[in-house]
Every structure is written in structure tokens, then in C-alpha cells.
2 protein chains.
Amino acid sequence: MSYCDTCVIRNQAICSALSTEELSALNGIGRRRELEPGESLMWEGDDSLLVANVIDGVLKLSTGTEDGREQIVGVVYPSDFIGRPFGATSSQNVTALTNARVCIFSRSDFDAFASQHPALEHKLLQRTLSELDRTRRWMLLLGRKNAEEKLATFLLEMADRLGTEANGTISFDLPFSRQQVGDVLGLTIETVSRQITRLKKEGVIDLPSRRAVTILDRQSLEDRAG
Amino acid sequence: MSYCDTCVIRNQAICSALSTEELSALNGIGRRRELEPGESLMWEGDDSLLVANVIDGVLKLSTGTEDGREQIVGVVYPSDFIGRPFGATSSQNVTALTNARVCIFSRSDFDAFASQHPALEHKLLQRTLSELDRTRRWMLLLGRKNAEEKLATFLLEMADRLGTEANGTISFDLPFSRQQVGDVLGLTIETVSRQITRLKKEGVIDLPSRRAVTILDRQSLEDRAG
DNA sequence: CGCCGACTTGAAGAATTTCAAGGTGTGTGG
DNA sequence: CCACACACCTTGAAATTCTTCAAGTCGGCG
């Protein structure tokens, strides 16, 4: 009996490339770990000692300057892969935003296993290529969009990832604090707050609680997203 | 006699994963193409019909908004790989900045070939992972650095990529116009110009001609890079 | 009830953009 | 060979956006 047998992301994660026997071999070198919000799994600049699959929860990838400015460079969800295989150092911090469960492997074990399983590497390549595309599209937001466009784009992305629809509106709970939204968008917390408040005042969104968002007028958000 | 036999990037590009026979098979599905500055090889949103290796020259990857704002999301040099294998659409424009030579493959041919050559996919995976790391680090610059830090970081990167050292100074020719530097850094052309002029006035760099840069005080640039 | 952290709001300040000229260098045609 | 046009770059001044600094407010929890 292996963890993988009951794994909910078994068919979405890169593991889906493997046969039952191969999976059981992979299971042998992996182990589960739970993370609490704020807990980190890797640190920027550290040796790349492990890689992992996200089973449940949301985590952020971030980098920072010496003087404490931070930029969130990626957000990962269940079935996403984290860590840097085939490389000596981690180039980002990986930190849980919510309670999270991950399936971790020592990097050397994973590298060896992957090198012998081309189908797994193929899945990982596809994932990495998509992630690179998504990351590059985000650069347009960071470099060229203003605060309103940034917030609108961000809320639409969150809605697509996390939203549930009910009678024409889309609702979700943000896995981010206001400061973290700022760290994703390259804005200060105050600018984020003002833009969100403004969207609410103008009837585009509703804010049932601090972390909850309801999109009332998706079209308007799209118009504002640039 | 194949193109590959005399190819100068033969041992740096992903082709280095292949044996002589495999290389000759790859050679059979590829062809050379020359590009002039400003000429594009792919367009954002178009079907992904080809992929390529850069043999010579410098090319930019860019995305834009509908209203004409542009963001350069990557710069590629000899031996780099371009295009989107295993995906339906290109998510960036690819445009030559200098005269360039590339070795192009139809995407479907390349996908089929790669799927049968795990060592090639492995190289491509490593390259893509490094590129993703580099791209994410650049996001810190776009989201959190000010104009001076952006220019200093940019000039240091150019120096590392293109610079030649001579009695304590590093010189190179920028493959970018001022506008394009702005498109890389998320700044206007005027801000770029002012920052560059300021670095010159303060004796950190010299500008022998419009495109030429000499770094006189690397340490000062590093201090300003944040 | 009151404290604390997270968030909001306001006012002032700074950085960057925008708008508008003014240079500079290169190539072309007279 | 000079003059001119054109593209690219620089510079200045005003406008705008975003940040910074400084109070408030809100909601949960001891």
C-alpha cells in the first residue's frame, strides 16, 4: 500500500507519466510533509536539496533584495511541481500561504529517478515550458501595467484559479494578505488597498470579508485589465 | 556533409546531446535562416509552427498590450533555443536585434524527433529550468527596483554577456536602442536616457558612441544595482 | 473590554511619465 | 562635398502616479 494509491493529484501531477510499478518505485523515495501558513520549504540561495509535488494548498515562490523588498515570482497549486531539479541551488523561497501538503523527494534521488524515466522528464518539460510562458506573460504586467490594470488582472486570474460561480457572480477566498498581493504585483500595500476599495465603491466587486472577494462585473474587470 | 558538421554552436546547443548519426537525422529536418535586425521569426498568439536554435546574433522575445505598450521578456544569444515545442501557440514575438542566423525546425518534426530522443529532451529541460530561474529573478527587477537600480543591473548583465575587458574597464556594444532598453526594464525612453546620462556624468560609465558602453567603475554599478 | 495585527484612509512627497523642444549623427541627393 | 532629412537620443518643465509617512478603523481573541 503506497501513498500514491490514494493520491488525489495522481492523475494531474507529473506522476501521471508513470506505470503502477514505476509509481511504486517513486513512492519509495518520496515522503509526505504538511506545512502551515508561513512555513517555508526552501530558501533562496540554499543548496537545492529537495523537490516536491503539491498535493494540497497554495504556496508562493519569492525572491527579495538585501534591504527587504520582496517579489512573489510564482504561485503554486495542487499538482504543481516545486524545486529545482538538475541544479545546485534554489533560486527562490518557497513558502506555504495556506495549510499545505506536499510530497517531497531528495533532489539527488529525484534526479536519478527522472533520468531513468523519460516519460516523467517529458511531463516535467511540458510543465516547465508552460510555467515559463505564464511567467513571461506576468512580466508584461509588472513592467507595463498601472495599478488599476494590475489589480484587475490579478483578480481575474484568482477568479479563474479559485472562483466558484453562483448566479452570475464569481466568489473566492484570496490566499494572500494585502501585503502579499502587493508583493505579487509590485505595489505597496496602500496602493493595493486603495485600488481594491475603489473597485468595491464602483460596484465591480464586493468584499464580504477581508480575504473574500466576489466579482460582480467581470466585464468591467476585463476592461480595466488592459 | 551536413550543416551541423561545421556548426559553431554544435557543442553548446541542445544538439550536444546527440550522437553523430542522430545529429545527421536532426540535420535532415532543419534548415538555416538568416534574419536582419527588426525581422521577426514568430508572433505572439500565432500557431506555434516552428522552433529554432540561435547560431549567431541576438534576438528579443516580447509581448505587448493592445494599446501598443511592449515588454521584452527575454533576450536570446547563440546556442539558445527558441520557440514553443509541445504547445499550440507562440506566446511571444521573436525578433532579431542584430543580424542573426538560426537553425529552424518545423515544430511537429521537432516534437516527434525530441520524443524519440530523451537525451535531447533532457538538455532542453535543463535549459528551460535555467531560463525559468533567470526569468523569475528578472521579475524582482521589474516589480521592486527603481530606475537607477534597473539600469545598473541591466548594464552589469550586458557586461557579463557581451563585455570584453581591457585595462580595468569593460566594453561592449548594446544590441538595443534606448527604446528597447526601456522595453526590457519597464521604463520610458526618457527615463532610460536620463539615467544613462547620469551614470556618465558621475564617471561610472563612458559612452563612446550611441550603442557603445564602457564600464569604468564596476563596483559603483554593483552598489547601485540593489 | 481592550489589545493587536491587518487593513484603510488622508496628506505630502518623490519618482517616473508625459509633453514638447532641441540636439546629434548618418546617409542621400543635389 | 555640402545640405538636408530622418531617426534616434537628450533635455526641460509640467503633470501624474505611486509611495511614504502618519493616523485611524475594523474584527477577532485573550
Side-chain angles (χ1 to χ4, degrees), chain A residues 36-38 65 67-71 97-98 140-155 173-202 204-213 224 226, chain B residues 36-38 60 65 67-72 97-98 140-155 173-202 204-213 224 226:
Chain A
E36 302 194 342
T65 57
D67 61 343
R69 286 172 284 177
E70 181 172 330
Q71 177 66 46
L97 294 172
T98 63
L140 177 64
L141 173 143
L142 290 176
R144 291 302 190 195
K145 291 190 178 182
N146 65 26
E148 182 182 31
E149 292 170 324
K150 284 180 175 180
L151 258 298
T153 307
F154 174 78
L155 291 173
D173 271 10
L174 281 176
F176 302 100
S177 69
R178 294 287 185 271
Q179 178 60 60
Q180 287 166 343
V181 176
D183 292 341
V184 172
L185 300 177
L187 296 171
T188 59
I189 184 174
E190 294 94 335
T191 301
V192 170
S193 181
R194 279 188 255 269
Q195 291 295 333
I196 289 188
T197 304
R198 184 158 151 239
L199 288 171
K200 177 178 176 168
K201 275 188 188 142
E202 297 182 2
V204 181
I205 61 172
D206 191 25
L207 302 169
S209 77
R210 284 188 168 177
R211 293 290 186 108
V213 178
R224 292 162 197 254
Chain B
E36 303 195 340
K60 65 172 181 169
T65 56
D67 62 343
R69 286 172 284 177
E70 182 173 330
Q71 178 66 45
I72 294 179
L97 293 173
T98 63
L140 177 64
L141 173 143
L142 289 176
R144 291 302 190 195
K145 290 190 177 181
N146 65 26
E148 182 181 32
E149 293 170 323
K150 284 180 175 180
L151 258 298
T153 307
F154 173 78
L155 291 173
D173 271 10
L174 281 176
F176 301 101
S177 69
R178 293 288 185 271
Q179 178 60 60
Q180 288 166 342
V181 175
D183 292 340
V184 172
L185 300 177
L187 296 171
T188 59
I189 185 176
E190 294 93 336
T191 301
V192 170
S193 181
R194 279 187 255 267
Q195 291 294 333
I196 288 188
T197 305
R198 183 158 151 239
L199 288 171
K200 178 179 175 167
K201 276 187 188 143
E202 297 182 3
V204 181
I205 60 172
D206 190 26
L207 303 169
S209 77
R210 283 187 168 177
R211 293 290 185 107
V213 179
R224 291 162 197 254

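For clarity, every value in this text was computed on a predicted model and none was experimentally measured. A note on names: the letters A, B, ... follow the listed sequences, proteins ahead of strands, and every chain is numbered from 1.
One interatomic measurement links the two molecules: CD of B/Glu149 to P of D/dT19, which rounds to 14 Å at whole-angstrom precision. Counting to the nearest Å, the C1' atom of C/dT16 and the CG atom of B/Leu142 are 15 Å from each other. What separates CG of A/Leu151 from C1' of D/dC18 is a distance of 13 Å, to the nearest Å. Between A/Lys145 atom NZ and C/dT17 atom P there is a gap of 17 Å when expressed in whole angstrom units. For B/Arg194 and C/dG23, the CZ to C1' distance is 15 Å, given to the nearest whole Å. Summarising the geometry, the separation between CZ on A/Arg144 and P on D/dC18 is reported as 14 Å, rounded to the nearest angstrom. Here D/dT10 presents its P atom at 12 Å from CG of B/Leu199, a figure rounded to the nearest Å. Taking atom CD1 of A/Ile189 as the reference point, atom C1' of D/dC26 lies 14 Å away to the nearest angstrom.
In terms of heavy atoms, B/Lys150 sits closest to B/Lys145 at CE-O, 3.4 Å.
Nucleic acid contact for A/Ser177: sugar-phosphate only, since backbone atoms but no base atoms lie under 4.0 Å from a heavy atom of the residue. No engagement by B/Gly182 is indicated, since no non-hydrogen atom pair under 4.0 Å with the nucleic acid exists. Residue B/Thr191 is classed as a base contact, given a heavy-atom separation below 4.0 Å to a base. Here A/Leu187 lies in heavy-atom contact (under 4.0 Å) with sugar-phosphate atoms only.
The base of C/dT9 does not come close enough to the side chain of A/Arg198 for any donor and acceptor atom to sit less than 3.5 Å apart. Judged by distance alone, with hydrogens and angles left aside, A/Arg69 brings no side-chain donor or acceptor close enough to the base of D/dT19 to form a pair under 3.5 Å.
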Side chain to side chain contact (heavy atoms under 4.5 Å, CB included) between A/Arg211 and A/Ser177, intermediate numbers included: CA-CA 7 Å; A/Arg211 293 290 186 108; A/Ser177 69; 3.8 Å; yes

Run A/Val204 and A/Arg224 through side chain to side chain contact (heavy atoms under 4.5 Å, CB included) and show every step you take. CA-CA 10 Å; A/Val204 181; A/Arg224 292 162 197 254; 3.6 Å; yes

What do the steps show when you test A/Thr197 against A/Arg194 for side chain to side chain contact (heavy atoms under 4.5 Å, CB included), and what is the final call? CA-CA 5 Å; A/Thr197 304; A/Arg194 279 188 255 269; 5.7 Å; no

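In this structure, of C/dC7, C/dA11, C/dT16, it is C/dT16 that holds the atom nearest to the side chain of B/Asn146. Of all nucleotides listed (D/dA22, D/dT10, C/dA11), D/dA22 comes nearest to the side chain of A/Glu190. The side chain of B/Arg210 sits closest to C/dG25 out of C/dT16, C/dG25, D/dG12.
For D/dT11, one of the phosphate oxygens OP1 or OP2 lies less than 4.0 angstrom from a side-chain nitrogen or oxygen of B/Thr197. An OP1 or OP2 oxygen of D/dT10 is reached within less than 4.0 angstrom by a side-chain nitrogen or oxygen of B/Arg178.
Between B/Glu148 and A/Lys201, the residue anchored closer to the 5' end of DNA chain C is A/Lys201, taking for each the nucleotide with the nearest heavy atom. Nearer the 5' end of DNA chain C, as judged by each residue's closest nucleotide, is the contact made by A/Ser193, out of B/Gln195 and A/Ser193.
Under the 3.5 Å distance criterion, the side-chain polar atoms of B/Glu202 are left unmatched by any main-chain donor or acceptor of B/Leu199.
Between A/Arg144 and B/Asp183, at least one side-chain N (NZ, or NE/NH1/NH2) sits under 4.0 Å from a carboxylate O, which counts as a salt bridge.
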